[in-house]
Amino acid sequence: VKKTGHVEFRNVSFAYPGAEAPVLSDISFTAEPGQTVAIIGSTGAGKTSLLALLPRLYDAASGEVLLDGVPVTKLDRSEITQRVAMVPQRPYLFSGSIEHNLRFGRPEATDEQLWDALTVAQAADFVREKKNGLGSRIAQGGTNVSGGQRQRLCIARALVTEPKVFLFDDSFSALDVATDARLRRALKAKTADATVIIVGQRVSTIADADQILVLDNGRIVDRGTHEELLETSSTYQEIVES
Ligand code: CTP
Ligand code: MG
C-alpha cells in the first residue's frame, strides 16, 4: 500500500470507556489525498471524538478506521504519528523556547523548515518581532502568547512534521477571518497532496471544503458541498444562520 494519507471510516461507532451511550454511531466517509473534508455540528455532536480515533487516542468500539487501507489498530504508533498530525482543540505549548516547541515532533528539523512552517501558519512575523526570535521563551501552558498565536504555533508545529494527514480541531477559531483565509490558502499551496480533515464552526472556514459532514448527536445526518448543503440540509442551514 502506498503511504499517501488515504483515510477511511467504515461504519464506526464509539462510546467513551465506562459510558453506555454511544458518542459516535455508524460513521462512514473517506478523505483522499489532496482533499479537504470538513466536519461541522453543534457542541457535543462528537467532532473531537471522531478526530481522536485516527491517531488512536481512543479506539472504535465497532467498525474500522483505516489509514492507507490498513486498520489503525494494526499499525505501529510510529507509523501513525509519521503520517498523521493533529492540532488539538485546546492547543498546548510546552514551557521552553518557541524552537523547542516547534521541533517537538521532529527534533532534526532545520531552522529553514521551522521558518517555512511559521510562514505558512502566519506566525513568522510575530516570532520575528520577538527579541529572541526562535529562542523566545514560552511560559508554562503558553500563557504569555495570545490564543490566536498559540493556535498558529501549534499549526506550525504540525507542519514541521510534514504529515500526510492533518487534523485541525477548531484550529482557526481564534483567528480573524482574514488571517484564517490567508493561513488556509498558504496551507493549501504548501500541502496540496495532503489529506486535510478540519473541524470548524465558522462557515467561512469550511465553505470551500470538498466535502462537509454535518454531525448531529454522533451521526452524520447530511453531507455534501457548501452549495449542496444549503439546498438540502436544514441542520446545515440552522448552523449557517446561527
Ligand atoms: N465526552 C465524554 N468523555 C470525554 C469527552 C467527551 O463523555 N472524555 C462526551 C461529551 O460529553 C459529548 C460527546 O462525548 O456528549 C461528544 O464530545 P466531543 O466529541 O468533544 O464533541 P464536539 O462536537 O467536539 O463538541 P465541541 O464543539 O464543544 O468541541
Ligand atoms: Mg470538540
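Please read these numbers as outputs of a predicted model, since none were measured by experiment.
- With a 6.0 Å radius and a threshold of 12 heavy atoms from other residues, nucleotides or ligands, F126 has its CZ atom above the threshold.
- Here the closest heavy-atom approach between residue A209 and residue A38 is recorded as CB-CB, 3.7 Å.
- Linking Ile, Leu, Val, Met, Phe, Trp and Tyr whenever their side-chain heavy atoms come within less than 4.5 Å puts V203 and L229 in one cluster.
- At distances below 3.5 Å, at least one donor-acceptor pair connects side-chain atoms of T195 with backbone N or O atoms of G5.
- D222 is not listed as a side-chain neighbour of Y236, based on a closest heavy-atom distance of 4.5 Å or more.
- Looking only at side-chain heavy atoms (C-beta outward), V65 and D59 stay at 4.5 Å or farther from each other.
- The OG atom of S28 sits 7.0 Å away from the CZ atom of R223 when rounded to the nearest 0.5 Å.
- Other residues, nucleotides and ligands contribute more than 12 heavy atoms inside 6.0 Å of the CG atom of D208.
- Two residues are said to be in side-chain contact when any heavy atoms from C-beta on lie closer than 4.5 Å; F168 and L187 meet this criterion.
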Open item on the list: Test side-chain contact (heavy atoms from CB on, under 4.5 Å) on T36 and K188; report intermediate values, then the result.
Closed with: CA-CA 9 Å; T36 299; K188 198 82 220 175; 3.2 Å; yes
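- Here the side chain of Q113 pairs a donor or acceptor atom with the backbone of T110 at under 3.5 angstrom.
- Residue pairs meeting the salt bridge (Lys or Arg N to Asp or Glu O under 4.0 Å) criterion with at least one partner in residues 17-36, sequence neighbours excluded, are absent.
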Open item on the list: Please determine whether side-chain contact (heavy atoms from CB on, under 4.5 Å) holds for the pair L153 and L118, giving the CA-CA distance in whole Å, both sets of side-chain angles, and the decisive distance to 0.1 Å.
Closed with: CA-CA 7 Å; L153 288 175; L118 287 168; 3.8 Å; yes
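- Closest heavy-atom contact between L215 and G46: CD2-C, 3.5 Å.
- Between H226 atom NE2 and E228 atom CD the span is 11.5 Å, to the nearest 0.5 Å.
- Under the 4.5 Å side-chain criterion, counting only non-hydrogen atoms from C-beta, Q140 is not in contact with F94.
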- [ ] Carefully, step by step, assess F166 and V87 under the rule side-chain contact (heavy atoms from CB on, under 4.5 Å).
- [x] CA-CA 8 Å; F166 286 97; V87 180; 5.8 Å; no
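- Results of the side-chain contact (heavy atoms from CB on, under 4.5 Å) test with F9 over T30, I27, L24 single out I27 as the only residue that passes.
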Task: Test side-chain contact (heavy atoms from CB on, under 4.5 Å) applied to F29 and I197, step by step - done: CA-CA 11 Å; F29 71 93; I197 304 181; 4.2 Å; yes
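- Note: T73 OG1 to L67 CG = 11.5 Å, rounded to the nearest 0.5 Å.
- Among D68, T4, V84, the one residue that satisfies the side-chain contact (heavy atoms from CB on, under 4.5 Å) test with V165 is V84.
- Sorted by first and then second residue, the pairs that involve residues 156-181 and meet side chain to side chain donor-acceptor pair (under 3.5 Å), not counting sequence neighbours, are T48-D169, N101-R157, Q151-S173, D176-T179, D180-R184, D180-R202, D180-T205.
- Of all heavy-atom pairs spanning S25 and S13, the tightest one is CA-OG, 3.6 Å.
- Remark: D216 does not engage R219 in a salt bridge, criterion side-chain N to carboxylate O under 4.0 Å.
- Between the side chain of S146 and the backbone N or O of Q149 there is at least one donor-acceptor pair closer than 3.5 Å.
- Sequence neighbours left out, the pairs with a member in residues 70-81 that pass salt bridge (Lys or Arg N to Asp or Glu O under 4.0 Å) are E79-R83.
- Using a 4.5 Å heavy-atom threshold, the side chains of V23 and Y16 count as touching.
- Side-chain atoms of S136 and K131, non-hydrogen and from C-beta on, never get closer than 4.5 Å to each other.
- Note that CE of M86 and OG1 of T81 are 13.5 Å apart. Values are rounded to the nearest 0.5 Å.
- Clustering ILVMFWY residues whenever any of their side-chain heavy atoms sit less than 4.5 angstrom apart, transitively, puts V120 in a cluster other than the one holding L167.
- Between D210 atom CG and I212 atom CD1 the span is 9.5 Å, to the nearest 0.5 Å.
- One hydrophobic cluster, built from ILVMFWY side chains closer than 4.5 Å, cannot hold both L66 and L53; they sit in different ones.
- For the atom pair CZ (R137) and OG (S95), the distance works out to 7.5 Å, reported to the nearest 0.5 Å.
- Looking at heavy atoms from C-beta onward, I155 lies in side-chain contact with F172 at the 4.5 angstrom threshold.
- Under a 3.5 Å cut-off, the side chain of E241 and the backbone N or O of I239 do not form any donor-acceptor pair.
- Counting heavy atoms from C-beta outward, Q82 and P163 have side chains that stay 4.5 Å or more apart.
- Placement of L159 and L54 in two distinct hydrophobic clusters is found when ILVMFWY residues are connected by side-chain heavy-atom separations under 4.5 Å, directly or transitively.
- A donor-acceptor pair is defined here as one N or O able to donate and one able to accept, closer than 3.5 Å; such a pair exists between the side chain of R150 and the backbone of G142.
- Two different hydrophobic clusters hold V221 and L213 under the rule that ILVMFWY side chains link at heavy-atom gaps under 4.5 Å.
- A pairwise comparison of heavy atoms in P91 and Q89 identifies CD-O, 3.1 Å as the closest pair.
- Remark: side-chain polar atoms of T191 are not paired, donor with acceptor, to backbone N or O of A194 under 3.5 angstrom.
- Shown here for A60 and F14, the closest heavy-atom pair between the two residues is CA-CD1, 4.4 Å.
- Of all non-hydrogen atoms in A117 and V160, the two that sit nearest each other are CB-CG2, 3.6 Å.
- Residue-environment remark: NZ (K190) stays at or below the threshold of 12 foreign heavy atoms within 6.0 Å.
- With hydrogens and angles disregarded, a donor-acceptor distance shorter than 3.5 Å links the side chain of R152 to the backbone of G148.
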